[in-house]
Amino acid sequence: MASRQLEKTYEPKQVEERWYRFWIDRGYFHASTDRSQTPYTIVIPPPNVTGSLHVGHALNNSLQDILIRWRRMQGRNTLWMPGTDHAGIATQNVVERQLMAEGTSRETLGRDAFIQRVWDWKAQSGGTIIQQLKRLGASCDWDRLRFTMDEGLSLAVREVFVRLHEEGLIYRGERLINWCPRCLTALSDIEVEHEESAGKLYHIYYRLADDPQTKLIVATTRPETLLGDTAVAVHPDDPRYKHLIGKQVRLPLTQRTIPIVGDPILVDREFGTGAVKITPAHDFNDFEAGERHGLPRLPILDHQARLDPVGLRAAAVEQAVIEAVELLRVNQARPKIEALLQERGLLATVEAHKMALGKCYRCKTVVEPYLSPQWFVMIKPLAEPAIQAVEDGRIRLIPEAWTNNYLGWMRDIKDWCISRQIWWGHQIPAWYCRSCNADTILETAHEGMATTEAQALPKASRQRVTILSNAKPLVMRTQPTNCPACGGSNFLQDPDVLDTWFSSALWPFSTLGWPEQTPELKTFYPTSTLVTGLDILFFWVARMIMMGLKFTGQVPFRDVYIHALVRDAEGQKMSKSKGNVIDPLSVMDRYGTDALRFTLASMASPGRDIKLAEERIEGYRNFANKIWNAARFILMHIDGPRASGPLADRSFADRWIMSRLNHTIRAVSTSLEQYRFDQAASQLYQFIWHEYCDWYLELAKPSLQDKESPEAGRTRQTLLESFETLLRLLHPFMPFLTEEVWQTVPHEGDSIVTQPYPSPNPDWESKDAEASFACLEQFVTTVRTGRALLNYQPGKKVTLYGAAVGGEHFARLRHLHAYLEHLSRGTVQLTAIETWPTGKVLRLASEGISAGLAVEGEVDLESVLQKLQKQHQENRQEAKRIEGKLGHAEFTSKAPSEVIHEHRERVRILEQESRLLASSETQLRAMMPAKD
RNA sequence: GGGCGGAUAGCUCAGUUGGGAGAGCGCUGCCCUUACAAGGCAGAGGUCACAGGUUCGAUCCCUGUUCCGCCUACCA
């Protein structure tokens, strides 16, 4: 029966969807707790449910899929746990935009209806990225798909919250936190991005209260906040100012006087004027300085970062000033304040000043330090074991260079603000008894509410609830029925939700059923490897380690592979606004999924960002096509008997390719074990294209094409055996192509997905065949160079001569005589150089192998001669260099003997080549018409 | 300010017990040779950023300099 024939080019689109469905239908990706094989587990970094696949996802998930498919083929019980993240702020924004387009708002809908809207949205659009991951070939166990807001995961969140609270590791308090005045919520420290920007440094006069002639100059970048100053600090050892400590200054634009305090921590004597204003309600350092000196906090900004009239009045700001700046945003108020100071002659100088501005990582709005009651995780006790786990190697970061980064951050970690003033997310499981907290729960819709805490709530919210920091929460797994203090049953649940990363931190065990001790948890936890980008090392990885250790007593994963960031071809970060985004979906459409995956793998070098250019993808598309065509060739020649038998009985070509295949299997396996996806990819590429296709298939042709050949049966056997094996070796990288091709060639089993991954076989190794190949390659390449020089047509039969330095190489050439004639397309005479004709032969040499080509017809002898001369010159230079080294007594006495021997051998070969080239030149000259 | 990484062919990057500088893409020439023009064959192209040091010998190890990234930080 004739084998199936393939189309001339590989068309990925036609095969990808078909095979993916086949794999899913057969349940190949499903992990089971019943299997006895060693588990291998990866939990996916859950993409935002609002997300759609970008090239960073493509990289991240391609690498995970390579690992998972590799381990699955190795026979491990593999689980790749998929899922998505509810992405609090991002998702809420998406749905709010929809509402806005409909002319409504979440406030109009109310909390419950709004949350229902988000769920509706998720049901309709939240599966986008999951479908896209499937297109990428991701072999996740989709039966186990999880979402951070699922019931089970939410249960885990409440459990963790309650337990941490019971241990005193979660607390509520009024602190300065980072506040985004656009998202109207608190952010954790790491959600603030610092960006250098040009600002101004204002020097302002503060007059002494009892001696207005004496002025202190205070430097600030934020003059508008002076309205909330409660002190001025100088260094206690500063001779310029220390006598002023304890005195009062008049605070400009207000009716207040404030003290001068000495503070060695806050004040840097070298900077500015050496005198600094203290605004405890609007600056982190000042907050701490305020604590040290017992200063009051006067908030003067509202939740939208506008100058708040209530706060300004409370700060005794002059009425005229209030009228000038009230309800202006900070950046609008600043010039007004500057002008007012100028008018009154209180502005000394203004100079340009570079500073790092904190911005919201989601919306890039400048964040404000903002005083409000929030929930925090006391992090030091959790960080300590997480540091230990990495220090003692229970968790390995790869590349290792990130370890110090991690440790440094963990050792200096600050308490984690986990409450967010949004609706979409895990609402904090804390309830307040209304009767016991009658004084601390404020429920007015009053616009100009005076307290700072009231301002923490979105202004637009009609049902304003403010829970003061001294309210008494009941933290419980479920809503309490009766107040333990008063027996009352009227409760208010804390309106805040948790930071999305709080639930993500539980991902490796919450997805496996924790807090239940499920079979899944017992089988698959701790997980094996986490694959992630550096950008969420602190957001996610560090927190998973802390929570995993705290609640399971085990590390959540053993290896953390940190991959690079994908940039555009110019090295710019990809962003929609720059328009330099490479869309992986479009890439898959045009070049095929396998080409994209292989490209990303090949560029995943450790410690370096990936600059992705489309030409690279095209190159690997061509690679896929090359394999496709190799398959076509094989299918054309496969019909006929196959003779299996010991490798020793097979041809030189067969033994050589099996030896190289074995070498490649070993190399690829080692690379994968070390997470060197780039190396593995290039080893595969090199072997398949430049050894298997370029040489082996050519070497195999004579026996395949000759019906009489006694070799044919054995060659067909090797051809198939090697090809089927390399398909399996390649499968984790190019799953679709390999399945498609594998199904057309003879094989055992239903799918390549579940076939064993190749392992090295020492019987395949043949040093002898590899040594022979080196001789063959030298000879053939040299002949080809000569043919190109002489401008011979590729098909032209040529008379050739061959020789070698050393009997061993010469014997190998003799043994390979038929191959030499086939590949160099000519008749080859292997005899000592001395016996070659003395005229009309172009003599060339390389690495001790010599080749002669009969010169016939019209030939541009001049250019051939030039080429020879150049080569000869290089030869002499190299020989001189090496002889120079050998001439130094220090070298010959100190260098290892192998090195010296190697040098001598090289000189010997160079000498031989030199003689050959010289005689070749002489001959060429003799053939050329004499000049003049 | 602190920390980390990088600088190798036109471009993107490999390159460990220190000993003849590599790949892919691009470029040049020849070729539609019955698997593949998304291809074949051949070729050109490098003071391995700079300056010192260690060594018989340095792209590799050490020191310093310059430039470029990234992370991190409260210099008002």
Side-chain angles (χ1 to χ4, degrees), chain A residues 6 8-10 190 194 201-202 218-222 233 265-268 270-279 283-289 353 355-356 369 399 401-402 404-405 408-409 412 534-535 537-538 565 567 569 571 591 595 602-603 605-613 615-616 618-637 676 678-679 682 685-686 689-690 693-694 697-698 701 705 780-781 784-789 791-796 825 867 878 881-882 885 888-896 898-900 902-903 906 910:
Chain A
L6 301 175
K8 217 173 163 183
T9 53
Y10 174 55
I190 50 179
H194 292 273
L201 192 60
Y202 300 82
V218 164
T220 178
T221 55
R222 305 188 57 187
I265 299 172
L266 184 67
V267 178
D268 172 0
E270 310 300 315
F271 188 87
T273 59
V276 59
K277 62 196 222 42
I278 301 182
T279 322
D283 183 282
F284 290 103
N285 293 319
D286 293 4
F287 181 86
E288 285 172 24
H353 182 68
M355 53 189 198
W402 299 122
N404 280 337
N405 216 334
W409 188 77
D412 192 33
L534 182 66
D535 47 340
L537 181 65
F538 303 143
L565 190 73
R567 298 166 174 278
Y591 300 108
S602 75
M603 299 184 83
S605 307
R608 209 186 250 269
D609 281 345
I610 296 178
K611 292 188 202 167
L612 186 61
E615 296 81 66
R616 293 296 296 263
E618 192 181 349
Y620 291 116
R621 185 272 312 263
N622 296 352
F623 177 52
N625 195 49
K626 186 76 181 177
I627 296 164
W628 179 259
N629 277 289
R632 288 181 67 214
F633 172 81
I634 287 162
L635 290 173
M636 284 174 192
H637 294 93
R676 288 301 303 266
D678 59 327
Q679 270 183 11
S682 90
Y685 185 97
Q686 193 62 27
W689 198 316
H690 295 305
C693 293
D694 285 355
L697 294 183
E698 295 305 323
K701 273 178 187 174
Q705 290 167 347
V780 172
T781 305
R784 284 172 178 167
T785 304
R787 293 183 74 113
L789 276 172
N791 220 0
Y792 287 166
Q793 296 294 300
K796 180 182 167 69
R825 293 172 190 270
K867 164 79 185 172
E878 179 70 2
R881 198 180 66 82
I882 299 171
K885 276 175 90 172
H888 277 97
E890 280 187 309
F891 174 70
T892 47
S893 62
K894 291 186 181 168
E898 311 92 74
V899 173
I900 294 167
E902 209 180 295
H903 278 59
R906 257 154 58 201
L910 287 166

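Just so it is clear: chains get the letters A, B, ... in the order the sequence lines come, proteins before strands, and each one is counted from 1.
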Interface polar pairs with nucleotides 20-22 of chain B, N/O, under 3.5 angstrom:
residue: B:G20; atom: OP1; partner: A:R906; partner atom: NH1; Å: 3.4
residue: B:G20; atom: O2'; partner: A:E878; partner atom: OE2; Å: 2.8

Output row for RNA chain B, stems defined as at least 3 consecutive Watson-Crick or G-U pairs under 3.5 Å, is B:1-7 with B:66-72, B:10-13 with B:22-25, B:27-31 with B:39-43, B:49-53 with B:61-65
**Q.** Spacing of the P atoms in B:C74 and B:U12 (rounded, Å)
**A.** 35 Å
Point to revise | side-chain N/O A:W689 vs B:G40 OP1/OP2, d < 4.0 Å | key: yes
Side-chain contact check for A:D694: nearest option of B:C41, B:G19, B:A76 is B:C41
Below 4.0 angstrom from OP1 or OP2 of B:G15, is there any side-chain N or O of A:R676?
-> yes
| If we take the P atom in both B:G2 and B:A9, what is their distance in whole Å? | 31 Å
Which of B:A42, B:A76, B:C74 is nearest the side chain of A:A219? It is B:A76
Item checked: OP1 or OP2 of B:A76 under 4.0 Å from side-chain N/O of A:T221 -> no
Mind telling me whether A:Y685 and A:F623 have parallel, tilted or perpendicular rings, with 30° and 60° as the class edges? tilted
| Which part of the nucleic acid does A:S893 contact within heavy-atom distance under 4.0 Å: base, sugar-phosphate only, or nothing? | nothing
Picking from B:C31, B:U12, B:A44, the nucleotide nearest the side-chain atoms of A:Q793 would be B:C31
Notebook entry, point to check: Taking only N and O in the side chain of A:H353, is any of them less than 4.0 Å away from OP1 or OP2 of B:A76?
Noted result: yes
Answer with base, sugar-phosphate or nothing: what part of the nucleic acid does A:S682 contact at a heavy-atom distance below 4.0 Å? nothing
- Is the phosphate of B:G43, meaning OP1 or OP2, less than 4.0 Å from a side-chain N or O of A:T785? yes
*Backbone of A:Q686 reached by a side-chain donor or acceptor of A:H690 within 3.5 Å*: no
Of A:H690 and A:K894, the one whose nearest nucleotide on RNA chain B sits closer to the 5' end is A:H690
Compute the centroid of each ring, for A:Y620 and then for A:Y591, and state whether the two points are separated by less than 6.0 Å.
-> no
The residue, A:D678 or A:R784, whose nearest nucleotide of RNA chain B is more 5′ is A:D678
Against the side chain of A:E698, the closest entry in B:G15, B:A35, B:G24 is B:A35
Restricting to nitrogen or oxygen on both sides, can you table the protein-nucleotides 7-9 of chain B pairs closer than 3.5 Å?
residue: B:A7; atom: OP1; partner: A:R608; partner atom: NH2; Å: 3.4

query: Hey, is the main chain of A:Q793 close enough, under 3.5 Å, to the side chain of A:R787 for a donor-acceptor pair?
result: yes
(message) Measuring to OP1 and OP2 of B:C31, would you say a side-chain N or O of A:K796 lies under 4.0 angstrom away?
(response) no
Considering only heavy side-chain atoms of A:Q686, the closest of B:A38, B:A23, B:A14 is B:A23
